[in-house]
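Read the structure below first, then the notes.
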Amino acid sequence: METLRTLPGDDVRQILWRYADRFDLQMAVQSARSIARSVVARLVADGVRNTHEWTERKAELLKAFDESGLTSIYMDPAQGGFIEGPKNLALALVAMELAWVDGGAATSALASCLGLAPIHEKGTDEQRAHYLPLCTPPQPGEDRVCRRAAFALTEPLPYVGVDTGILGGKMRVQSWDDGAEPLLKVEKRGRFITNMDFADIVTAAVESDDPRIKGSCMIILEKDDPGTFDRGAPTLKMVHQLSSTRDPVMSLTVPASRIIGGYDVVDGVIVPRFSHGEIIASVFHRTRIPVGLMTSAKLLSAIEPIIRYHRQRFRGGSVGEPGSRRHELGLQMNEDALQRLVDVWATGEAGCSLGLAAARLADRFDPIEREKDRQFAAQGIKGRKQLAALKDSQERALEYVRLKYAPAGQADPARLAELEADTLAQFVYMDALAGVLNPATKLWNTGVGATMMREAVSLVGGYGITEDCPGFLCHKWMDAQLEATYEGPEAVQRRHLTLTMTNPVFLELVRQWSAELRRSQAGGAAALAGALDLWLWTLDFLQNGADRDGKKLYHGKRQGVTFPLADALGWLLAARSLMQDVAVLAAEAPASPVLAEAAPGLTAFYADMACVQAARAAGEAARVCAELVYGYGCGQAQDGPGGPCIVFTGSEEFARLRQGVDQGLHGTRLAKDRAAEALTAVMIPEALDYPL
């Protein structure tokens, strides 16, 4: 049977990633793609990224973003934007299109949104109404310039890092006349602050250095405020040079109304309504998704250049006459090259599936979260009382999960609809899921993605590390290293997962996913289901177990236990997300007038790729679980048939589950053979659609 005819186009991606019915998103994707493959690609090809300074050539990006509407994509129509409602999926798709060519350009596009995110998420109505429209390009008849924003959290700590619990930025009361608004003196030094060459507005994290101010907050600084607004020296980074990054120094006097979210005066003390940690948690909850997707886009962008290189490897030489297998297939005659490329492709697809699932969830979660806040405010529920109210909703969230994933015909539709209309139950359900998907996207996509990007470069041999390699693969490989540190290094994401992946609602989801996979006939589903069960068993073992010294195994300080388990979960989530997307493609592609004829081969190829990824994920997770269980298991030395051995009492169930994972791998290598063979027949364009 014919499998893959051509590389997947928009018709396939729109179904896989669920925006076939969103014309606004399709237009945003086209705008971003147009810029990426013209302005961005030309800048990279001309070597413009070979400097730390922000130049006039690099500034062409800002003009292109303004003219295409990408600058306004974060705003609502009333603020100058063109997309109504949540925009997490829109930002994710735009970041992918730009990162397809260059990650630094994608960072430039996202940085202003990140700078405005504290105002967007937690600002007062007045702050949102004032600052967000200022950061949209002027409309005809308007006499103003478009303001740019930057986000300042990172402190000049030794060796640079992000620790949200340690802030060097300080603020104190400079003057506070009776009946007047307090004026604050803000001292902030930043490092690795993106957009600083041209930022007009900085949202900075600071803490009190004055007994008349309580705690910490984020505050809005403007370049024309009284005092010092020194943009600082350029950061000497070796990657993402199409974004501006400097180490600013700011010492400014600003009114207290610049505190994001506002403040109250309690017993003569200024009390910010939101701490800097609360705002950052709300911002990073969403913004880490596009960054994770940037690395996955790199992997998908590498497929076409690698296939072209492989097929043309021997053309023009003394071997391989036209028409011969060597001339037509080149390195694609070799199984190794093909199967390694399948691994790169499947990793990119799985990362995109995971990240875009997180983005779609974030779009559904935003209005639920705002409605929850509205209900609590109307009822006067604050602080710990909110936690108690949400705790009371947990049972309903668990019931919702069980009904949502019940086999066909076994759920109560009326009760399911009732729970879907329950704001607090939906909040608890979505919060549990987003709390895992978002950091997992950032951790797995960038961590595993950077490793696989190295694999992609190696598939092009020495050509891969030259600047004239098609697809800018060497730049993308280097850029991927930095993306793994954006929005907090990998340890931050693992610490986050350590806390959220034990949420009872999320664990119930994992149980339901496993049951759902076992009902599936898809290749690799049994292995993935088995690995999910094995992960659950291992988590329970570690949470309730102790080492030989009697010390608890699952503990915040035992990162040698918790972090590997978080890594294993990332593999499983990504593979499941890809299988979900492939199931949607199989259901909808036959009805597409464009894809109908090619649908059987297309869906078969994607099913094989999902099977390959499921097998790899199950294998990785099983390895991690085995190391943790047997590695910390309290065994006893006994004489066995082959000599002394360690007998671990209680491991029988683990061994049974592990065997189930292994048996679930049945046929997965055959799927990989089929996917690899399909690569030899896929048609590709004569040349890339952007400069070399």
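All heavy atoms count here, side chains included; hydrogens, waters and symmetry mates do not. These figures come from a predicted structure and were not determined experimentally.
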Q: Search all heavy atoms of Gly524 against all heavy atoms of Ala614 and return the closest pair with its distance.
A: O-CB, 3.6 Å
Q: Answer yes when Asp567 and Arg494 have at least one side-chain N-carboxylate O distance shorter than 4.0 Å, and no when they do not.
A: yes
Q. Do the non-hydrogen side-chain atoms of Arg37 and Glu97 ever get within less than 4.5 Å of each other?
A. yes
**Q.** Closest contact, heavy atoms only, Leu89 versus Arg360
**A.** CD2-CG, 4.0 Å
Q | Within-4.5 Å side-chain heavy-atom neighbours: Val460 and Pro305 | A | no
Q) Salt bridge or not for Glu483 and Lys298, using N-O below 4.0 Å? A) yes
Q. Can a salt bridge be assigned to the pair Asp581 and Arg18 using a cut-off of 4.0 Å between side-chain N and carboxylate O?
A. yes
Q.
Looking at Glu620 and Arg616, is there a salt bridge between them, counting it only when a charged N and a carboxylate O are closer than 4.0 Å?
A. no
Q.
Can you classify the ring geometry of Trp345 versus Tyr606 as parallel (below 30°), tilted (30 to 60°) or perpendicular (above 60°)?
A. perpendicular
Q | Within-4.5 Å side-chain heavy-atom neighbours: Lys58 and Thr51 | A | yes
Q | Backbone of Val48 reached by a side-chain donor or acceptor of Asp46 within 3.5 Å | A | no
Q | Residue pair Trp477, Ser458: steps toward the side-chain contact (heavy atoms from CB on, under 4.5 Å) verdict | A | CA-CA 10 Å; Trp477 175 33; Ser458 74; over 6 Å; no
(Q) Does either side chain, that of Asp247 or that of Thr235, offer a donor lying less than 3.5 Å from an acceptor on the other one? (A) yes
Q) Does His310 use its side chain to pair, donor to acceptor, with the backbone of Leu459 at less than 3.5 Å? A) yes
**Q.** Closest non-hydrogen atom pair, Ala568 against Trp535
**A.** CB-CD1, 4.1 Å
Q: State, yes or no, whether a side-chain contact exists between Leu573 and Leu569 at a heavy-atom distance under 4.5 Å.
A: yes
Q: Evaluate the side-chain proximity of Glu467 to Asn50: yes if any heavy-atom separation is below 4.5 Å, no if none is.
A: yes
**Q.** Rounded distance [0.5 Å steps], CG in Leu341 versus CG in Leu331
**A.** 11.5 Å
**Q.** Minimum heavy-atom distance between Lys87 and Ile83, given as atom pair plus value
**A.** CE-O, 3.0 Å
Q) Does any donor atom in the side chain of Lys122 or Ser282 lie under 3.5 Å from an acceptor atom in the other side chain? A) no
Q: Using modelled atom types only, decide if a donor and an acceptor are shared between the side chain of Lys237 and the backbone of Phe192 within a distance under 3.5 Å.
A: no
Q: Can you label the angle between the Tyr74 ring and the His120 ring as parallel, tilted or perpendicular, going by 30° and 60°?
A: tilted
(Q) Asp343 vs Glu455, test: side-chain contact (heavy atoms from CB on, under 4.5 Å). Steps then yes/no. (A) CA-CA 9 Å; Asp343 286 337; Glu455 184 81 345; 5.9 Å; no
